[in-house]
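Residue numbers start from 1 in every chain, and the chains themselves are labelled A, B, ... in the order their sequence lines are given, proteins ahead of strands.
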Number of protein chains: 2
Amino acid sequence: MSTPLEKARRDPESMKARILDVSRRIFGEYGFHGTTTRMIAQEVGIDISTLHYHWGGKKDLYESVVIDINKDLRQKLIEVEQRIHSLPLGERLDISIDMTTDYLFEHPEVSNLILFRYFGKTRSDGNLDAIIPEFTADIARSMGLALDKKNVPPETMMKVLAVMNSIHNFISGENFFRPMVKADRERYIALVKETLKFILIPAFTQNEAI
Amino acid sequence: MSTPLEKARRDPESMKARILDVSRRIFGEYGFHGTTTRMIAQEVGIDISTLHYHWGGKKDLYESVVIDINKDLRQKLIEVEQRIHSLPLGERLDISIDMTTDYLFEHPEVSNLILFRYFGKTRSDGNLDAIIPEFTADIARSMGLALDKKNVPPETMMKVLAVMNSIHNFISGENFFRPMVKADRERYIALVKETLKFILIPAFTQNEAI
DNA sequence: TTATTTATCCATCAAACGATTGAATCGCAG
DNA sequence: CTGCGATTCAATCGTTTGATGGATAAATAA
């Protein structure tokens, strides 16, 4: 057995995959209600009925998109963790911020969609994000703030959320913030990293031996 | 001369004001596209045509809402600044976080709408947020990071944005984050303040004399 | 070859949505 | 009371939106 999402990801050239990729971007920009199936179909260059043929309906497609970006993000987190594992905390943070920021600037729809789900309601919405608490606990462990990913204390969860949100904010708000600081894209990315490190590193290293 | 918004705010019992208040909340929850004029009308307990009579149309109403919440936030910032003016930086941050957090938890639609405008696109959207850069510069000065609100350097703007966004995130994401940390509302508010201070205060006081 | 499955588009539907119109109602000055 | 502006609602219009059915062609199997 295999879900439509798995099929799509096996063949990146398939129509399923093309629709999924465009959907990620447009759902990320306009949110669920702001996106129409016609917008997606037009961008892919197909008829709406073809979209329905492959994905069943708008809501099914949206759910697949959410699952897909969660998979991607989780994959990236594993990658980051392998890279920083067994380094001192300050360095772990530094490298994590660099890697995560670079990745998300290349795939801003990931941040967009996550923030949409955090802050916006959908008129009819199931609980699709049971994964997020697990993510957060994983990151807590990876940052050395918790020993295992069960029973992470609330204070720690909150700190991790603050870190992740700060990153997503700058990625997803680029169109809004970048003109404010009059920077080109490259400079903006540098400013984001610098700011994140300025804010985050002192907080988590303040009680550490130097 | 007086705009519909000013009229509404002069008489809080007026239909204009009632519609505006409900609109703030619903636009904040569902965003522009996720909100229908019928949802607002039903919540107020009136017919849609009455809504159109007072506010012209969905878009006009939405713009009034955005202007209204910006006015409120600016007013609050002035209030905060008067309270903290001439205190040492650490204390300024501490009190600012407390006051701003309390205010926003009482009016979460302010955070909701601001984040919606940062991260989401509306299919046709003018530039309605020319005020935000001024806000940000104001806060920078109020935090003692800039001497006057002209020519605030990009690095400083970014830091202020990071601070404000972190606050908005926890307010607006309450429905998502609070179950994750298994806290009741009161406890959640305390956790938010604690986390914000943990993250922010060390960063801004690290180079200060103690 | 023929038959069957897969994939795509065209035409169209029903529901939902933003908006308007015209009549009814209210408050109040003359 | 009368007249009039301000306000409200019921009914409805035109459009958009999500979704479907049927024809068609290409690929695949028999």
Side-chain angles (χ1 to χ4, degrees), chain A residues 1-23 26-27 29-66 120-126, chain B residues 1-23 26-27 29-66 120-126:
Chain A
M1 221 181 72
S2 103
T3 65
L5 183 58
E6 289 163 348
K7 262 186 209 162
R9 283 295 166 236
R10 263 201 300 279
D11 179 7
E13 302 298 319
S14 68
M15 183 56 71
K16 273 191 173 52
R18 286 172 56 204
I19 296 173
L20 189 68
D21 287 334
V22 170
S23 299
I26 301 194
F27 275 127
E29 285 184 19
Y30 296 95
F32 180 78
H33 291 297
T35 301
T36 69
T37 52
R38 281 171 174 81
M39 289 166 66
I40 299 174
Q42 188 177 13
E43 189 79 8
V44 180
I46 54 169
D47 190 87
I48 348 168
S49 52
T50 303
L51 184 148
H52 278 81
Y53 172 78
H54 285 286
W55 290 101
K58 182 185 183 183
K59 208 171 170 182
D60 308 273
L61 176 54
Y62 178 69
E63 292 186 2
S64 295
V65 165
V66 172
K121 278 188 191 168
T122 307
R123 270 176 251 159
S124 69
D125 202 3
Chain B
M1 222 181 70
S2 102
T3 66
L5 183 59
E6 289 163 348
K7 263 186 205 161
R9 282 295 167 234
R10 265 200 301 278
D11 179 7
E13 302 298 318
S14 68
M15 184 55 72
K16 272 190 173 54
R18 286 172 56 204
I19 296 173
L20 189 68
D21 287 333
V22 170
S23 300
I26 300 193
F27 274 128
E29 284 184 19
Y30 297 94
F32 180 79
H33 293 295
T35 301
T36 69
T37 53
R38 283 172 173 82
M39 289 166 66
I40 298 175
Q42 188 177 15
E43 189 79 7
V44 179
I46 55 170
D47 191 89
I48 348 167
S49 50
T50 304
L51 185 149
H52 280 80
Y53 171 78
H54 284 285
W55 291 102
K58 185 185 183 183
K59 207 171 169 182
D60 307 274
L61 175 55
Y62 178 69
E63 291 187 2
S64 295
V65 165
V66 172
K121 278 189 191 169
T122 307
R123 271 175 253 160
S124 68
D125 203 4

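When rounded to the nearest whole Å, the span between CD1 of B:Ile19 and P of D:dT7 equals 11 Å. At whole-Å resolution of the value, CH2 in B:Trp55 and C1' in C:dG18 are 18 Å apart. Between B:Met15 atom CE and C:dT25 atom C1' there is a gap of 14 Å when expressed in whole angstrom units. Summarising the geometry, the separation between CD1 on B:Ile46 and P on D:dA10 is reported as 12 Å, rounded to the nearest angstrom. Note: OH (B:Tyr30) to P (C:dC17) measures 12 Å, nearest angstrom. As a whole-Å value, the separation of A:Leu51 CG from D:dT20 P is 12 Å.
At least one side-chain nitrogen or oxygen of B:His54 sits closer than 4.0 Å to the OP1 or OP2 atom of D:dT8. Not one side-chain nitrogen or oxygen of B:Tyr53 sits closer than 4.0 Å to the OP1 or OP2 atom of D:dT8. Checking the phosphate oxygens (OP1, OP2) of D:dC9, a side-chain nitrogen or oxygen of B:Thr50 falls inside 4.0 Å.
A heavy-atom distance below 4.5 Å is found between the side chains of A:Leu61 and A:Ile40. Between A:Met15 and A:Ile19, some side-chain heavy-atom pair lies under the 4.5 Å cut-off. Looking only at side-chain heavy atoms (C-beta outward), A:Val44 and A:Leu51 stay at 4.5 Å or farther from each other.
The nucleotide whose nearest atom lies closest to any side-chain atom of A:Ser49 is, among C:dC10, D:dT7, C:dT20, C:dC10. When each of D:dA10, C:dA11, D:dT8 is scored by its nearest atom to the side-chain atoms of A:Asp47, the top-ranked nucleotide is C:dA11.
When all heavy atoms are compared, the tightest approach of B:Ile26 to B:Met39 is CG2-CE, 3.8 Å. Closest approach of B:Arg123 and A:Thr36 over heavy atoms only: NH1-CG2, 3.7 Å.
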Collect all protein-nucleotide pairs involving nucleotides 14-18 of chain D in which both atoms are nitrogen or oxygen and the distance is under 3.5 Å.
residue, atom, partner, partner atom, Å
D:dT17, OP1, B:Arg123, NH1, 2.6
D:dG18, OP1, A:Thr35, O, 3.4
D:dG18, OP1, A:Lys58, NZ, 2.7
D:dG18, OP2, A:Thr37, N, 2.8
D:dG18, OP2, A:Thr37, OG1, 3.1
D:dG18, N7, A:Arg38, NH1, 2.8
D:dG18, O6, A:Arg38, NH2, 3.1

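Every ring-ring contact (aromatic ring centres under 6.0 Å, His included) that A:Tyr62 has, sequence neighbours left out, goes to A:Phe27, A:Phe32.
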